[in-house]
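What follows is one structure encoded as structure tokens, with my remarks underneath.
In what follows, chains carry the letters A, B, and so on, assigned in the order in which the sequence lines appear, proteins first and then strands, with residues in each chain numbered from 1.
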There are 2 protein chains.
Amino acid sequence: MTDAAKQQVPIDEAVSGLPVPKTERGRRTLRALLDAAALEFGASGFHATGITDITRRAGVALGSFYTYFASKEDIFRALVTDLSAQVKAHVTPRVEEAPDALSREKAALGGYLDFVSQQQLIYRIIDEAEFVAPDAYQGHYRSTVARVTARLEAGAARGELKEGVGEVEAWAIAGMNVFLGLRYGVWGKDRDLAEVLARAHELVADGLRRR
Amino acid sequence: MTDAAKQQVPIDEAVSGLPVPKTERGRRTLRALLDAAALEFGASGFHATGITDITRRAGVALGSFYTYFASKEDIFRALVTDLSAQVKAHVTPRVEEAPDALSREKAALGGYLDFVSQQQLIYRIIDEAEFVAPDAYQGHYRSTVARVTARLEAGAARGELKEGVGEVEAWAIAGMNVFLGLRYGVWGKDRDLAEVLARAHELVADGLRRR
DNA sequence: CTGAAACATGAATCAAGATTCAACTTGAAA
DNA sequence: TTTCAAGTTGAATCTTGATTCATGTTTCAG
């Protein structure tokens, strides 16, 4: 996570599910722990990172961890929620600028690829949640897909897309995005992302377009 | 894993990377350990299952485990290779029966959805490999996608698909398949798989078809 | 039959690391 | 100033579970 990214992320009870510390000092410590945990979990994975790795990086004593989190899983879950919101915050504005249904899908895929290739750590954390915090993982994808579904249905209603497109297509598109991000954003940058985006979007556009 | 599935899976050094035991008794024990491990890892995940869980279910003493595997990760890796071959063995014949490029893709998706919804455990094991045995995970998807790419390029050469389809489209399709399998095969069976298949395939077919 | 080689056994070892806790510090309200 | 809730500290505790190993037992080629 970049310093810039850290600035943007105030503690928010509604999002993280955590009680907000009463003092400024407490909020700073909590934020330091979350940021450190993102780096450590992202780099080493859930099981390989110790609480001490997190507190060391955060510049905080071991015991302080338990002032804010009940367990290692607890902070991981909070992180997933936090990061899920970041992905959404990165993609949504780009989508909203797009003028029609097809370009909205292109903007969404482009924004996602972009984000993932810059924040590979975040990708790994959300993905590992499938096993560490399955509820948070499902929550992330269910809400992501719900947004896609809504876009597709709106596009269909407006006559820009095939009639009947909906949830199934949304899951398909989400899976596509995730795998393309994994392959071309995380595993290797051997292809120009713009080219990947163009090719993938042609597939989707021809698949969704009203015929 | 069903009993039927067990029968089909002899120990094969080339696939599993393990030395084949010299005696019949040894081969039986190794197979029992692999089958037990698939059940335990699939049900509880890598970190939550202990070696004792595996040996108990296999009906074998704790120490015997280390006659066959160097570590817990070792058996997990072998399992991924083993299961990857099973997925391929389930899907390939169906694909080969199909007469043209588009129906081959439909057969592949159908076969995969079918397999995953019956063998949810296998799905989880392969997916968890992303974190436990990243090399085996990448190997599985890279070879899966290589097969898809070859199918698409053959279809394009035959004039059945758009010109230029290839690797990017193959990763997109693979991601789609995986997410649809996860959502409709593993998380919930609230939709008829045949309907999911029909809708998803329409998306892919319109996306790939020569225009 | 016989002796290796292969395989089986499970109690003991050992390290790692999550969690607890009792004493201490800070800061702001009264 | 005083007080107290909020926050900080890190050594000590405690559990868990992977791995080792010394001692049997089985298999099978010769």
Qualifying residues under side chain to side chain donor-acceptor pair (under 3.5 Å), relative to [X], sequence neighbours excluded:
X     : value
A/S44 : none
B/R57 : B/E40
A/T23 : none

B/S/- contact track for nucleotides 17-27 of chain C, protein heavy atom under 4.0 Å: -SBB-----S-
Any base atoms under 4.0 Å from A/Y68, or only sugar-phosphate, or nothing? Heavy atoms, all strands.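 Answer is sugar-phosphate: A/Y68 comes under 4.0 Å of backbone atoms only.
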Please identify each residue that fulfils salt bridge (charged side-chain N to carboxylate O under 4.0 Å, His left out) with [X], with sequence neighbours left out.
X      : value
B/R94  : B/D114
B/R142 : none
A/E202 : B/K162

Pairs satisfying ring-ring contact (aromatic ring centres under 6.0 Å, His included), at least one member in residues 101-128 of chain B, at least two apart: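 Listed once each, the pairs are B/H90-B/F115.
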May I ask you to verify if any side-chain N or O of B/T23 is less than 4.0 angstrom from the OP1 or OP2 atom of C/dC7?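 It does, given that an N or O in the side chain of B/T23 lies less than 4.0 Å from OP1 or OP2 of C/dC7.
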Of all residues at least two apart in sequence or in a different chain, which pass the ring pair (Phe, Tyr, Trp, His ring centres under 6.0 Å) check with A/F69?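 A/F69 satisfies ring pair (Phe, Tyr, Trp, His ring centres under 6.0 Å) with A/F65 only.
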Specify the residues of residues 127-134 of chain B, ordered by number, for which at least one heavy atom lies under 4.0 angstrom from an atom of DNA chain C.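 Listed by number, there are none.
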Looking at B/V80, is its backbone amide N or carbonyl O close enough to the side chain of B/S84 to form a donor-acceptor pair, meaning the two atoms are under 3.5 Å apart?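 Checked: no pair found.
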Set of residues satisfying side chain to side chain contact (heavy atoms under 4.5 Å, CB included) with respect to A/S117, sequence neighbours excluded: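 In terms of side chain to side chain contact (heavy atoms under 4.5 Å, CB included), with neighbours along the sequence ignored, A/S117 is linked to A/K189, A/L193.
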For chain B and DNA chain D, what are the first and last nucleotides along the strand, 5' to 3', with at least one atom under 4.0 angstrom from a heavy atom of the protein chain?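 So the outermost contacting nucleotides come out as D/dA18 to D/dT27.
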